[in-house]
Amino acid sequence: MPNVQLPDGAVKEYPAGATAIDVARDISERLAQSTVAVDINGFIADATRPLDELSDADPIPVKLLTNRDSEALGVLRHSCAHVMARAVMRLYEGVGLAFGPTTGNGFYYDFDLEQPISEEDFPRIEAEMQAIIKDAEPFERFVLPRDEAVQLVSDLDQELKTEHIANGLADHPTLSFYRQGEFVDLCRGPHIPDAGRIKAFKLISVAGSYWKGDAKNKQLQRLYGTAFFDKKDLKRYLEQVEEAKRRDHRVLGKQHHLFSIANEVGQGLCLWLPKGATVRVLLEDFIKKELLRRGYDPVYSPHIGRAELYETSGHFPYYRDSQFPPLFGHPAGQLVDYWKQRLDADDLNEDTERDFLAAAADMGVEFEGYSAAGSREEKLAALRKWERQQERYLLKPMNCPHHVEIYQSQPRSYRELPVRLAEFGTVYRHEQSGELNGMLRVRGLTQDDAHLFCTSEQVEQEFSDTLDLVKFVLQSVGLDDYRIQLSLREPDSDKYVGDPGLWDRAEGTLRNVLSGSGLEFNECEGEAAFYGPKADFMVRDCLGREWQLGTVQLDYNLPERFNLEYVGADNAPHRPVMIHRAPFGSMERFVGMLIEHFAAAFPLWLAPEQVRLLGLNDDMLSYAQEIESKFKQAGFRTSIDTRSANIKKKIRDAQLDLIPYMLVVGPKDRDQGGVSVRDRIEGDLGFMTTEAALKKLTEERDHRTIRQVVKSNFEGLGSDTEEGHEY
RNA sequence: GCUGCUGUAGCUCAGUCGGUAGAGCGCGUCCUUGGUAAGGACGAGGUCGUGGGUUCAAGUCCCACCAGCAGCUCCA
């Protein structure tokens, strides 16, 4: 006879086998109707399962999840994925089921299906889903021992599920299934009580995916959809998606001449047009001033460096695949590089080796110590030896090694630490072509980078000051909604360099400072950089979308690799600690994000063109020039619309160009020594003297006032990362 | 990188069955000289992503490459 405790503290005894629905019905029939799942100490389960089966606690802490709880939405969506899979199986022959989890915004299901599904098929599938929902059949859970589970999926001809039970679920002695009518699926659950609870759903898109996310595996068809408890919510979500599309920085960037990516220049290589460059320069100038105030020293470093530098740092071996290939001074360089890779992979037969040797000889190269009869290691050593004698450069993929060399350029005393070296450093990364995305993912990018070298006693203070800097710059552009992701290593992985002890220390330091900072943060294992843990700023824009922008990283490893030292008070050498940090992240990504956040309508201080003078007729030109020069004097970016169009047309065009202030000048304004001010947001503000207008605009600019960013009333677009409900 | 879709004027797009290219916006010139979101007329502008192939004939059909988009995978 289980005792149940509800969140208000009330405890009541129920008969054995009572379910969450029974508990809800005990309160009201209406609550029973809207209860979709149950939360027991954070464990979410079917509302139709006996509570005494779910928990041994006494009393059992029960929280009923209704269609108002966000956790319930995930349950609903996963059930909708089952409904979709059921509909697809009714409409197509030989459907293989893969995975069908929920995402932040909906759900998907991966199908192994010969026949391609296209968006034209959606109405048909949706109609079938609607029919299933109308039948409102229950989702029934049942559990089978392993061998019976294997038998069942094999009887159902579900090969992928069979494979998954064998490999992915090897340690599960029993497996749960959900049945809905003729549809049976291996599933961890939980599910809503019956399909009738799905009130609003929509198929969104179809795309390719791979079994278990591995490109070597079978290609599957992924059908995306979303579902809500309420039609209104679905409508609002779809509007939000439309709004996000409308703000696409690639579209707005073209329309407002902010940047362009020209075929002739190359994939992922961004051209900053004058207007976009203006926004960037303003941000750079702003942060440069702040850095001087905070004790940073400016440095510059070249765009390329010797490959050995990045071999020492670890970047070259670690990220080889996503770097531009090395630049060689000798024509045989490429050959040797390729040769080494083949040897490394133990993939070089005698014929190929003979060809390589002949080609090298043809270029006048002999490798000291290389013998066809020698061991792989001896051959590699000989090739490396030759290579080290050659010019071999890399486009720099990171600024840190260069800054490390600047630190190394003179002996350092503890008295001069911390040393803070800052540079807007341009780096090049050969991102996979499918990853490129406007300014958000490019192959040449400029980081607002800096490296701090300090003693281990100074780390906490420096790290904390850096967090403060990031907060300050985000605030300056009106981004005040963010959380911090503390990215830690995965303890048993070999992806990371350095001593586990140093890692523990670094992770502990970050956790300490973040805990004391009052900032919202969560920990994420396996997300660290290969050399150290990091704190990433996840910033929410006005649509509630999260962007990873600024980052602060703690690094005990590079100082080790480069043998960095300073002389301590004890006159002995000590190893400094490094902090990598970039408040904006990259200028490309940051400006791209700002374009979407502001929908290209930048606040006055960032607007490429702040003021446009609109003459009422052609006779006003000289007066307009007179006013313009006063605004230019005051540092405003201005222009005059000299076309002989009428004022309505000039205003419309300025409005569409998102000019913050339009100054209309006609005979009346000239006679009174002023201008008619039109605000992009408020509209006509009427006549002002030139001095009054200047004062108003100067104030708004210098305070970096942010206007016209309407926060979405929607809960926000979630991330599209997988959330669960699958085994 | 993989799978699918797309590539026509500066921009957004139309172009039927293979028969040598069209609109709107923008731009230029002229007319208009006006008080807060489109005044009018005329005009310039295209080797149809690139290279091959099929054909009497290719923007249109086929192949390869380049680039973009969506998704997957990746992100120091």
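Computed from heavy atoms alone, side chains included, the values below leave out hydrogens, waters and symmetry copies. Reminder, nothing fancy here: chain letters follow the sequence lines and each chain counts from 1.
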(message) I'd like to check, for A:Tyr319, whether its ring lies over the base of B:A76 with centroids under 5.5 Å apart and a plane angle smaller than 30°.
(response) yes
(request) Answer with base, sugar-phosphate or nothing: what part of the nucleic acid does A:Ser644 contact at a heavy-atom distance below 4.0 Å? (result) base
(message) The side chain of A:Leu656 is closest to which nucleotide in this list: B:C27, B:G34, B:A37?
(response) B:A37
(message) For RNA chain B, please output the secondary structure as dot-bracket, reading 5' to 3'. Pairs are Watson-Crick or G-U wobble, both atom distances under 3.5 Å; mark crossing pairs with [ ], other-strand partners with |, unpaired with a dot.
(response) (((((((..((((.....[..)))).(((((.......))))).....(((((..]....))))))))))))....
(request) For the residue pair A:Thr638 and A:Glu628, confirm or rule out a side-chain donor-acceptor distance under 3.5 Å. (result) yes
(request) Determine the contact category for A:Lys650: base if any of its heavy atoms lies under 4.0 Å from a base atom, sugar-phosphate if only primed atoms, P, OP1 or OP2 are that close, otherwise nothing. (result) nothing
(request) Scan A:Ile647 against the nucleic acid and name what it touches under 4.0 Å (heavy atoms): base, sugar-phosphate only, or nothing. (result) sugar-phosphate
(message) For the residue pair A:Trp211 / A:Glu163, report whether a side-chain donor-acceptor contact shorter than 3.5 Å exists.
(response) yes
(message) Please pick, from B:A37, B:A76, B:G34, the nucleotide with the shortest atom-to-atom distance to any side-chain atom of A:Asn646.
(response) B:G34
(request) Assign A:Tyr531 to base, sugar-phosphate, or nothing according to its heavy-atom contacts below 4.0 angstrom with the strands shown. (result) sugar-phosphate
(request) Report yes or no: do A:Gln655 and A:Arg678 form a side-chain donor-acceptor pair below 3.5 Å? (result) yes
(message) Looking only at the side chains, is there a donor atom on one of A:His580 and A:Asp555 sitting less than 3.5 Å from an acceptor on the other?
(response) yes
